[in-house]
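Quick note on labels: first sequence line is chain A, next is B, and so on, each numbered from 1.
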Amino acid sequence: MDDQLPLRARHVAKSFGGGWNPTHSLPWRRNGHARSDPARRVVDDVSFEIRRREIFGVIGANGSGKSTLIRIISTLLLPDAGDVHIFGMDVVRETMKVRSLLNRVSADPSFFRNMSALENLLFFGKVYGVSKQEVRRRAPQILARLGLEWERALEPMSNLSRGQQQKIAVARALLTSPVLMLLDEPTTGLDPRSKRDVQSFVSEVRQEHDATILLTTHDMEEAELLCDRIAFLSGGRIVAEGTPLDLRRQVADGRPLEEITMETVFMELTGRSVEEDEEAEAGVAAR
Amino acid sequence: MTTGVEAMDVRTRAGGGRLAWAFVERQTNLWKRYWAWEIVWLVYGVVNTLAITFIAKQVGNEGTGASFDTSKLVLFLLIGTLVWAYLSAVLDDISLVVTWERWEGTIEHTLMAPVPRALHLLGMSVFGVLHAVVRTLLIFAIAIPFFNIDFGSANWLTAAVVLFAGSFSIAGLAILAGVLPLLYPERGTQMSFMVQALVLLVSGVYYQVSVLPGWLRVFSHVSPATYILRGIRGGIIDGQSLADVWPTLLALGIFGALLIPLGILTFMAAEHWAKKTGKLKRQG
């Protein structure tokens with residue numbers, strides 16, 4: 001096992017639902033059968049590697065398995081099959097070691113709403129072993145680079161806009177100096193300016209820090225702007241992987257590469273657009 | 001350039017006590033921000049204490065025979081309501097460990113932090129006990145002028161030691177109850193309140209356990225709250241010394257030694273199951 005590799009996922013699979021559930025056999029539940037709905041495979045035989053200081057993008061529609069994959073890597077979900085190693089450490093067997101190496105920014109900023117941003121940062125810093133002094137020293141610098149005045153960090157989170165909260169979330173992740181940052185749709189729902197601030201900060205982090213980044217998004221432009229390599233996830237499976245240029249070449253078929261958008265690449269490699277993929281996934285979820 | 005292992009070594013600098021204390025500080029910050037709720041619970045606690053203890057005064061006024069000692073009944077019920085205010089606050093604070101995180105939307109970020117679960121639960125338990133002590137002392141201070149009680153023979157040391165010893169077992173019980181919201185995101189919180197209700201019923205909070213039907217009285221023996229109430233009443237009403245209540249302290253010690261590891265291990269097993277089935281989601 002290469003313990004210098006920030007992330008290696010091999011044949012990872014995860015299903016939800018299914019199995020035997022005795023409560024379903026109660027007369028007033030369903031049809032009185034002790035069987036649950038059939039299991040729904042959300043991540044299906046996914047394998048990939050991320051190299052040091054690389055931004056690796058996973059693109060897929062809502063429901064394509066991106067967040068489930070991130071949760072498995074974050075040690076919040078156990079895979080049914082396969083394994084994930086962070087710097088050679090298994091996320092299931094060496095959970096605590098792995099947790100100290102990574103941090104995550106999700107689409108939902110996830111803060112204690114009535115606590116101030118500073119109180120949130122102090123708490124989350126402390127549980128990662130970052131001292132109060134260090135948080136007070138570094139947080140203003142990070143927030144300034146994200147275009148957020150330090151005074152706002154003293155207000156309750158509920159007073160801040162969605163974009164400002166997301167910038168605090170990015171600061172929270174960076175404060176702990178993760179060697180692997182998991183950015184799970186970090187710009188979803190942000191206004192254009194906040195989105196640009198977060199995106200340029202992500203590029204800056206890669207250049208200035210020793211961080212490797214896994215970015216999930218359904219924003220093709222964002223993926224192309226930030227990522228060194230991209231994997232397309234559809235129906236829980238990786239259907240294509242490579243640099244943006246490689247992926248364009250795969251579908252070029254004689255056309256000039258600059259005329260091919262990442263949306264076109266996604267459509268041609270997955271057989272549908274992100275929107276169609278989302279509708280299909282929603283249909284599966286509804287069943 | 002640091003390797004992953006080097007970076008990890010740097011992060012092991014946080015001691016266990018510091019990690020656990022982070023949760024005490026966080027809960028204190030939340031407590032300050034939700035001060036209005038604290039006042040609501042304080043008023044509720046005071047009203048509950050007064051309403052139940054006034055029953056004893058009414059019984060005294062109506063007279064139930066020459067041998068009846070009204071002041072003893074007042075003290076019996078006052079201790080019952082105060083101890084219950086304490087126990088329910090501890091049970092609430094600790095058993096809602098998962099509910100609270102789900103409500104705030106922080107469950108995933110908190111549970112993926114590199115903090116051993118035992119330290120996380122320890123921190124929540126320490127806050128629960130400190131919070132309950134402050135709230136109960138306030139209720140006591142507000143309620144006491146309403147009654148003419150003679151504490152001349154009370155042994156406060158016995159009461160304090162019993163409460164301290166009993167807090168471990170209650171924390172263990174609360175951690176066990178806290179597993180329910182982890183297992184059942186939608187109904188688990190209500191189920192943990194049911195645990196509190198059962199403890200209230202069988203532990204002799206407002207009456208002697210001897211009045212319970214035989215089959216129900218059996219459960220009073222396995223509730224640590226029964227022993228806490230017995231020990232504190234023994235110290236305050238009967239002036240019993242620590243030597244007098246040692247069997248009660250021994251029972252509480254055994255409960256604590258069993259319930260805390262059992263609670264933590266059960267919580268960890270439930271967390272494993274939740275990670276397997278995807279129940280550790282942000283919303284319930």
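- Looking at A/S74 and B/E108, their side chains never come closer than 4.5 Å, going by heavy atoms from C-beta outward.
- No side-chain heavy atom of B/R117 sits less than 4.5 Å from a side-chain heavy atom of A/M96.
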Inset, instruction - Would you please test A/V127 and B/F23 for side chain to side chain contact (heavy atoms under 4.5 Å, CB included) and show each step? - result: CA-CA 9 Å; A/V127 293; B/F23 289 90; 3.9 Å; yes
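- For the pair B/H109 (side chain) and A/N103 (backbone), a donor-acceptor distance under 3.5 Å is absent.
- Atom CG of A/L76 and atom NZ of B/K279 lie 16.0 Å apart (nearest 0.5 Å).
- Distance check: A/F124 CZ to B/T110 OG1 gives 4.5 Å after rounding to the nearest 0.5 Å.
- By the neighbour-count criterion of 12 heavy atoms within 6.0 Å, atom CH2 of B/W273 is densely surrounded, having more than that number from other residues, nucleotides or ligands.
- Atom OH of B/Y184 is surrounded by 12 or fewer heavy atoms from other residues, nucleotides or ligands within 6.0 Å.
- Contact annotation for A/P79: neither backbone nor side-chain heavy atoms come within less than 4.5 Å of a heavy atom of chain B.
- Contacts with chain A (heavy atom to heavy atom, under 4.5 Å) involve these residues of residues 33-51 of chain B, listed by number: B/R33, B/Y34.
- For the atom pair CZ (B/R18) and OG (A/S131), the distance works out to 6.5 Å, reported to the nearest 0.5 Å.
- B/E104 contributes a side-chain N or O that, together with a main-chain N or O of A/R113, makes up a donor-acceptor pair within less than 3.5 Å.
- Between B/N29 atom CG and A/N114 atom CG the span is 11.5 Å, to the nearest 0.5 Å.
- Using a distance-only test at 3.5 Å, with no hydrogens or angles considered, no donor-acceptor pair links the side chain of A/K126 to the main chain of B/R26.
- Here A/L77 contributes atom CG and B/K275 contributes atom NZ; the two are 9.0 Å apart, rounded to the nearest 0.5 Å.
- Residue B/M268 qualifies as open at atom CE: its count of foreign heavy atoms under 6.0 Å is 12 or below.
- Looking at B/H120, neither its backbone nor its side chain comes within 4.5 Å of chain A, counting heavy atoms on both sides.
- Contact count versus chain A (heavy atoms, under 4.5 Å) is highest, among B/E271, B/K276, B/M112, B/H272, for B/M112.
- Of the inter-residue distances, the one linking B/T106 atom OG1 with A/F112 atom CZ reads 3.5 Å to the nearest 0.5 angstrom.
- Of the possible donor and acceptor atoms, one in the side chain of A/S110 sits under 3.5 Å from a partner among the backbone N and O of B/G105.
- Across all their heavy atoms, B/P114 and A/Y128 have their closest contact at CD-CE2, 3.3 Å.
- Here A/E119 does not pair with B/K32 in a salt bridge; the nearest charged N to carboxylate O distance is not below 4.0 Å.
- Contact of A/T95 with chain B is made through the side chain alone, with heavy-atom distances under 4.5 Å.
- Counting heavy atoms of neighbouring residues, nucleotides and ligands inside a 6.0 Å radius, atom CZ of A/R93 does not exceed 12 of them.
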